[in-house]
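Numbers here are sequence positions counted from 1.
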Amino acid sequence: MKKYLHIILLFVTMCGYSQDIMPPAFEIASDTAVGMPFPKSRLQYLKENGTVLSLEDVMRPGNSAMFQTLTDSSQVEILPRHAFWLRYSIKNSTGKPLGITIPENVGHADVHIEDAGRWSHFTTGREVPYSARHGYKRIKHIGYTIPANSAITVYERNVDNIQKTIINVSVGIEKNVQREAYFENSGYIGIIIGSSAFFGFFLFAALFNLFFYYVARERVYLAYGLLLIVVALDVFSGPLADHFFREMPGFMFIDVFIGTTLAFCLFTVVALMFLQASKYHPVWNRSIIILMFVFLTASTWRIFIDRSTSETVFIIIKILRFSILLGIVILLGIGLVKKRRVAVMMALAMVPFLITFVLMLTGIATSAGLIDGAIIWAVLVLSWSLFQRYKHLQEENARQAIEKEQERNELIAKQNEMLEHQVAERTAELTRSLAELKQTQNQLIQSEKMASLGELTAGIAHEIQNPLNFVNNFSDVSVELLDEMDEELDKGDIEEAKAIASDIKQNLEKISHHGKRADGIVKGMLQHSRTSSGQKEPTDINALADEYLRLAYHGLRAKDKSFNAELVTEFDGALPKVNAIPQDLGRVLLNLFTNAFYATQEKKRSGQTSKEGGAAQYNPTVTITTKQSDNSVKIIVKDNGTGIPDAIRDKILQPFFTTKPTGEGTGLGLSMSYDIVVKGHGGTINIESEEGVFSIFTITLPL
């Protein structure tokens with residue numbers, strides 16, 4: 001009994017091991033052929049069952065024994081997205097090193113070659129980016145040189161995400177593959193030229209029909225033009241994939257969708273429109289449209305979403321396509337029976353396809369060139385038919401246009417009389433409104449100037465009071481000193497009299513100094529109040545800014561005795577004079593200073609807190625800085641007042657826009673300042689602000 005058990009165990013072991021034996025190598029004895037089909041009986045394959053296997057995995061004894069050997073009559077198909085492995089050997093019996101190629105016309109192929117214990121790995125395929133492919137990239141061939149009288153073992157992992165794969169292997173002789181058809185030879189260039197010519201023809205025909213759609217607004221021209229564009233793209237898909245989308249493998253899915261699905265759907269729409277199915281056969285038209293949408297959904301699902309669907313879905317798509325074509329043929333037959341011109345033209349366009357089918361069926365000719373010629377003929381016939389339809393539509397439209405033109409002329413004549421009367425009335429109203437607007441604008445500008453002058457006058461009154469007080473005080477002191485000098489002279493004390501005379505001289509110098517100061521203030525007031533001459537002159541920006549800063553401050557103090565603020569001046573002592581109009585620039589500075597003081601006053605009045613603490617710590621501060629920057633002078637006015645909200649920052653330079661309460665401004669101050677700086681002096685005004693924290697106005701004047 002034990003003897004028999006050993007025999008059975010040995011038999012089982014031998015059966016399991018036999019599955020791991022490689023088939024005989026495929027021997028290549030000559031290098032004269034271009035390509036040689038690989039006998040299927042020399043192939044073994046292994047399907048992956050949902051688990052991605054590596055080379056080490058498939059070479060393990062357990063997995064390796066699962067390889068199945070094909071027969072020469074085997075026809076094994078692998079569904080999309082289902083990976084499988086191939087295993088075979090190739091022997092070089094030519095007696096010299098032999099360069100071969102292994103074509104891989106699949107989506108993704110990983111080729112592992114074992115040569116005398118050394119392994120090489122190559123990757124190629126339609127779904128592999130061009131730069132990531134090994135071997136001959138465009139034709140997707142893996143090249144390898146087999147030493148003389150040696151054999152190599154090949155393991156391939158193949159998967160295709162678009163179409164079924166039929167297990168098959170062929171071997172090419174490298175030098176012949178290069179010479180015959182693949183690398184920039186006349187055959188490939190001819191394919192490119194032919195594809196380009198067809199692309200140009202279809203694109204021209206598409207533009208031809210799209211022009212008719214633009215003119216006639218008939219949807220059949222639009223649908224036919226789109227169909228021709230899709231056909232043009234499908235014809236040119238090879239050069240597009242090879243040259244423009246070589247790094248985008250996903251383009252293949254789009255190409256398949258365009259060529260198999262979108263083109264067919266557009267053809268269906270064009271055929272129904274061309275046969276006027278919605279007019280003559282509405283039920284048939286709706287039924288075919290429904291079938292077309294079902295076909296579009298199923299085909300799109302199969303191409304883009306689930307490419308591993310069963311054969312049933314593929315059969316359903318074929319049935320839908322056949323049903324749609326059958327419906328169109330029936331409608332065409334009905335049209336021919338009823339002798340409709342559109343049906344006759346469509347049948348004439350389909351004749352070459354029927355002839356091509358008969359020739360191919362009988363074996364008289366192959367499809368090479370016949371289908372292309374049939375397509376060109378159909379495009380020409382249908383385009384001519386649509387052109388004739390366009391001419392008919394143009395004639396009909398012209399007749400209707402003449403009738404409508406006559407009616408329109410009569411209506412226009414009546415409307416013109418009414419419009420002329422309305423235009424005259426509205427013109428008079430607009431003229432009056434424009435005059436009133438100009439008058440109001442002039443009044444507002446004058447009001448702004450007067451308001452500015454009033455503030456300036458209040459400041460001047462306060463400023464001029466100080467030098468006048470000095471003049472009066474020193475005058476009184478000088479009179480007393482003169483009396484003392486007379487007394488000393490009477491006493492004969494000449495030295496004391498000279499000392500008193502020296503004091504009187506100093507007093508007179510101070511009187512002269514403060515008198516000149518008062519005179520400058522008065523002249524400045526006169527310059528500000530009178531109309532600007534428009535003449536530019538060298539201007540000391542520091543002196544001008546200091547003068548108007550103090551005038552603005554004292555002007556506000558004259559209206560509100562409780563207001564107080566810290567004035568900080570950071571003047572550039574080396575600042576050159578600027579060629580400017582002092583009166584106009586003074587108005588700008590006065591307006592900016594007044595606004596800055598107003599903002600600090602409002603912040604203090606509203607009790608807003610500073611960043612350091614409560615409202616009691618808030619110290620109103622206005623800082624003015626001057627400095628030279630390249631070929632320009634900058635005047636920077638900064639305050640720590642209420643700031644400018646982001647929502648209105650872009651509006652504050654617009655005329656009549658103001659944030660002040662009614663009666664405290666016309667809204668022209670900043671607008672006039674912008675015009676003076678930008679238009680009058682060629683400078684710029686930039687605004688920076690943070691609401692509740694600060695505002696900064698930067699004036700830039702060119703030197």
Side-chain angles (χ1 to χ4, degrees), residues 444-464 521 524-525 527-529 532 541 543-569 581-606 619-626 635-644 648-649 651-677 685-689 694-699:
L444 287 171
I445 293 174
Q446 186 63 27
S447 173
E448 182 69 24
K449 289 183 177 180
M450 293 303 295
S452 175
L453 183 61
E455 294 171 356
L456 179 63
T457 303
I460 287 172
H462 190 279
E463 278 288 296
I464 206 170
I521 294 172
M525 180 184 68
Q527 287 181 348
H528 182 80
S529 62
S532 172
I541 297 298
L544 189 70
D546 184 68
E547 177 184 351
Y548 280 92
L549 175 64
R550 302 189 185 282
L551 292 178
Y553 176 71
H554 291 301
L556 187 57
R557 286 270 298 168
K559 291 193 296 184
D560 185 1
K561 298 296 183 181
S562 64
F563 173 73
N564 201 357
E566 181 181 356
L567 307 182
V568 180
T569 56
I581 305 172
Q583 299 92 335
D584 290 351
L585 200 56
R587 290 191 180 97
V588 173
L589 293 174
L590 183 62
N591 183 267
L592 294 182
F593 297 150
T594 302
N595 287 343
F597 290 136
Y598 180 83
T600 58
Q601 186 182 26
E602 285 298 306
K603 183 173 181 178
K604 186 172 183 179
R605 182 182 301 160
S606 62
N619 181 29
T621 304
V622 175
T623 304
I624 178 168
T625 305
T626 61
I635 307 172
I636 304 171
V637 180
K638 178 179 178 181
D639 67 79
N640 61 347
T642 56
I644 304 171
I648 66 171
R649 190 175 303 172
K651 302 178 182 178
I652 61 173
L653 295 178
Q654 297 176 3
F656 309 111
F657 182 84
T658 180
T659 59
K660 298 177 181 178
T662 304
E664 294 193 24
T666 61
L668 288 172
L670 286 176
S671 174
M672 292 172 60
S673 299
Y674 179 84
D675 290 341
I676 291 171
V677 173
I685 294 183
N686 293 324
I687 303 171
E688 300 177 45
S689 182
F694 70 87
S695 294
I696 300 176
F697 285 79
T698 303
I699 298 174

By side chain to side chain donor-acceptor pair (under 3.5 Å), Glu688 pairs with (sequence neighbours left out) none
Ala552 and Phe593 have their tightest heavy-atom pair at CB-CB, 3.7 Å
*Step by step, work out the side-chain contact (heavy atoms from CB on, under 4.5 Å) result for Leu549 and Leu589.*
CA-CA 8 Å; Leu549 175 64; Leu589 293 174; over 6 Å; no
Between the CG atom in Asn619 and the CG atom in Asn640, the distance rounded to the nearest 0.5 Å is 7.0 Å
TODO: Carefully, step by step, assess Tyr548 and Asn591 under the rule side-chain contact (heavy atoms from CB on, under 4.5 Å).
DONE: CA-CA 9 Å; Tyr548 280 92; Asn591 183 267; over 6 Å; no
Across all chains, not counting sequence neighbours, the side chain to side chain donor-acceptor pair (under 3.5 Å) partners of Thr623 are none
Within the 4.5 Å heavy-atom criterion, are Ile696 and Val637 side-chain neighbours or not? no
OG1 (Thr626) and CG (Leu544) are apart, to the nearest 0.5 Å, by 11.0 Å
Asp675 meets the side-chain contact (heavy atoms from CB on, under 4.5 Å) criterion, sequence neighbours left out, with Ser671, Lys679
Value for CG (Leu590) from CG (Leu585), rounded to nearest 0.5 Å, stands at 11.5 Å
Which of Asn686, Ile644, Val588 passes side-chain contact (heavy atoms from CB on, under 4.5 Å) with Phe697? Answer is Ile644
Contacts of Asn564 meeting side chain to side chain donor-acceptor pair (under 3.5 Å) (sequence neighbours excluded), chain-then-number -> Tyr553
Q.
Within the structure provided, determine whether Arg605 and Glu602 are in side-chain contact (heavy-atom separation under 4.5 Å).
A. yes
**Message:** Looking at Thr642 and Lys603, would you say the former's side chain and the latter's main chain have a donor-acceptor pair under 3.5 Å?
**Reply:** no
Contacts of Asp639 meeting side-chain contact (heavy atoms from CB on, under 4.5 Å) (sequence neighbours excluded), chain-then-number -> Ala596, Ala599, Thr600, Val622, Ser695
Output for pair (Ile624 CD1, Ile635 CD1), nearest 0.5 Å, gives 6.5 Å
